[in-house]
Amino acid sequence: MTLVGEGRQPQHGGTETVKDPLVELYDEAAAELEKEQSSLIITDESQDKIPEAPTSQLEKGPAKGFACLAPPQEESTQNPNQYIIDKLKELRSIYESKQGDTDTFKVFNLNKVIGDLSRVKHKITTRAQALKLQGSGAKTADKIMEIIATGELQRIQAEDTEEYRVCKLFAGIYDVGAKRAHQWYGMGLRTLEDVEKHKEEIRLTRNQSIGLKYYNDLQERIPRAEASAIFDKIRETAMTLDGNATVYIMGSYRRGEQTCGDIDLLLTRDPTDGITHAGMLHKLLDRLHEQGILTDDLVIPPDNRALEQKYMGVGRLPPDGKMRRIDILAIPYDQKGAALIYFTGDDLFNRSIRLLARKKGYSLNQRGLYGGVGRDTKGKKLSEGTIIASKTEKEIFDVLGVPWREPHERRRK
DNA sequence: TGGCAATACTG
DNA sequence: CAGTAT
DNA sequence: GCCA
């Protein structure tokens, strides 16, 4: 066991050559890591040999567009394009609240642009520069130029309607998305009080009621120190159940962010003594309820003996902390690496690295990296394939030729 | 012009 | 299956 | 919305 010392490592593994002109940046980033977060996350990254890559579709590494291959973002320095980023985020928020299929991908695309924009260190002033950003085409470049020229974006003002605002309010309720939000708007609802008042007619689900009940608390970010305190309590409780339990805190906390959207925990246990964590999650949940840490369950794992389970719920720092979203993922010990990647995110990084895996003939999910995956002509998965790597993050990164990225380097901002 | 990550739960 | 969530 |  080493403390977060997954270690930095060569630029690429496997057979691919990912050219990376900014190697120095990695070293700088590495030098400035080793922060408080380290002490809490214990990752056992044993150095297993890396299996050979399957016959790859790609001769040379993908040239661009993979956030997981891009150099880490600079810390602290105020971004010179912040005002552009802010406007694009507003636009993204509008697309998010729409229902159409294409809107989803506009969001997807804007995420790329915003990601690249927050990574770029020079101020964008020309259309040519705007066009160079990843995910930025003619339309986006025009928008960026408009923001530069006027400080505004007409598109935003046009779409900033009552319906948009109300739907955004509704979609803040857990288990309410764009569809239901617009549906309720169409029924004439305008406020959270309206929703409460008409809960029978609109057949508010159990989870939506919970989401509504704690609306304000759940909208708030969680201070890092509080997340840490909740994590400590839960870990202690787990340790009383089984001294060999392993509990990690993941998500935005592991990425080193100062506030977290929710608390993501990972639960597992080294089975070398013949004992697994089977059944442990349910016991843990019971204790956490007794302790007043957990107050409401959103999704309880159906099979309490399974090694892989996902719990979603609401809880707080007792006795009277604000209500927080808490997820606990139990996973088989040997899938720790893949689970760490999945649960650490961020989502853009995950999508990027999964896309890269697929392009190289693998498939990556929360359980591991698979080779020999059968896919139809459209890329739809037909067969599972065989597991290639899953124990450590590094092992998976190596096979994919992804330069090592510390958790705090996996965020787009 | 089709694809854009991959998977699980609820009603 | 549609919708939501991670 | 962008890109292969």
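Naming convention: chains lettered A, B, ... in sequence-line order (proteins, then strands); numbering from 1 in each chain.
Applying the 3.5 Å distance criterion, the base of C:dT6 shares a donor-acceptor pair with the side chain of A:Tyr342.
Put simply, A:Arg358 has a side-chain N or O that comes within less than 4.0 Å of OP1 or OP2 on B:dC4. The phosphate of B:dT7 (OP1 or OP2) has a side-chain N or O of A:Lys381 nearer than 4.0 angstrom. In this model, the phosphate group of D:dC2 is approached by a side-chain N or O of A:Thr140 to a distance below 4.0 Å at OP1 or OP2. Residue A:Asn350 has no polar side-chain atom (N or O) positioned under 4.0 Å from OP1 or OP2 of B:dA5. An OP1 or OP2 oxygen of B:dA8 is reached within less than 4.0 angstrom by a side-chain nitrogen or oxygen of A:Arg367. For A:Arg325 and C:dT6, the shortest distance from a side-chain N or O to OP1 or OP2 is below 4.0 Å. OP1 or OP2 of B:dA5 lies within a sub-4.0 Å distance of a side-chain N or O belonging to A:Arg351. Taking side-chain N and O atoms only, A:Lys359 has no distance below 4.0 Å to OP1 or OP2 of D:dA4. At the phosphate of C:dA5, neither OP1 nor OP2 sits under 4.0 Å from any side-chain N or O atom of A:Arg180.
Using atom P as the reference point in both D:dA4 and B:dA5, the two lie 15 Å apart (nearest Å).
If you check the side chains of A:Tyr164 and A:Ser93, you find a donor sitting under 3.5 Å from an acceptor.
Note that A:Arg203 lies outside the cation-pi zone of A:Trp184, set by a 6.0 Å cut-off to the ring centre and a 45° limit from the axis. A cation-pi arrangement is absent between A:Arg411 and A:Phe349, since the terminal nitrogen or guanidinium carbon is not both under 6.0 Å from the aromatic centre and inside a 45° cone about the axis.
Among the atoms of the strands shown, none is found under 4.0 Å from any heavy atom of A:Ser352. As judged by a 4.0 angstrom heavy-atom cut-off over every strand, A:Lys143 is placed among residues touching the sugar-phosphate backbone only. Using a 4.0 Å heavy-atom criterion, one finds that A:Ala357 contacts no nucleic acid atom at all.
In this structure a side-chain-to-backbone donor-acceptor pair under 3.5 Å is missing from A:Tyr83 to A:Ile147.
Just one residue in the list A:Arg165, A:Lys106, A:Lys168, A:Lys98 forms a salt bridge (charged side-chain N to carboxylate O under 4.0 Å, His left out) with A:Glu159, and that residue is A:Lys98.
Ranking D:dG1, B:dA5, B:dA6 by closeness to the A:Lys139 side chain, first place goes to D:dG1.
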